[in-house]
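Take a look at the structure set out below.
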Amino acid sequence: MNEALKKVRLFHQIKQVELANELGISKSYLSEIESNKKPVSMDLLGKYADHFSVPASSLLIFSENMDAARNSDKLRLKCANKILKAMDWISARYEKEAKA
């Protein structure tokens, strides 16, 4: 879940401090969530989903599928990892364009 939330934030080109302010939490708390040091509450997940106009259920299903894939289905895990890598690539491209 934590990695998916981070990828969504990066995909939308929003800095941690900006998102933390929007969600009403500290930047350090958001950082701990994204680095899997703190769990994500359902309340925060709802705020996150609202902010990005993504159903919270979709975030949960994605996370559950990744967990299931880690435990049993290597093909699902590979697909999920490909999606995350694509999101990383897009985010990096936007960051590079923004600096230019």
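Clustering ILVMFWY residues whenever any of their side-chain heavy atoms sit less than 4.5 angstrom apart, transitively, puts I25 in the very cluster that holds F52. Residues L23 and F11 share a single hydrophobic cluster, defined by chaining ILVMFWY side chains whose heavy atoms lie under 4.5 Å apart.
When all heavy atoms of P55 and A49 are compared, the closest pair comes out as C-CB, 4.1 Å. Counting all heavy atoms, side chain and backbone alike, Q16 lies closest to S31 at NE2-CA, 3.4 Å. Summarising the geometry of I14 relative to H51, their closest heavy-atom pair is CD1-NE2, 3.6 Å, with the distance given to 0.1 Å.
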For this session: Evaluate the side-chain contact (heavy atoms from CB on, under 4.5 Å) criterion for residues Y48 and L19: first the C-alpha distance (whole Å), next the side-chain angles of each, then the deciding distance (0.1 Å), finally the verdict.
Result: CA-CA 9 Å; Y48 204 96; L19 182 58; 3.3 Å; yes
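When the shell of 6.0 Å around NZ of K6 is examined, it contains 12 or fewer heavy atoms from other residues, nucleotides or ligands. Counting non-hydrogen atoms of neighbouring residues, nucleotides and ligands closer than 6.0 angstrom, the NZ atom of K38 reaches no more than 12 such neighbours.
Atom CD of residue E34 and atom NZ of residue K7 lie 9.5 Å apart, to the nearest 0.5 angstrom. Expressed to the nearest 0.5 Å, how far CG of L5 lies from CG of L10 amounts to 11.0 Å.
Side-chain atoms of L30 and V17, non-hydrogen and from C-beta on, never get closer than 4.5 Å to each other.
Looking only at distances, no side-chain donor or acceptor of N2 sits under 3.5 Å from a matching main-chain atom of S35.
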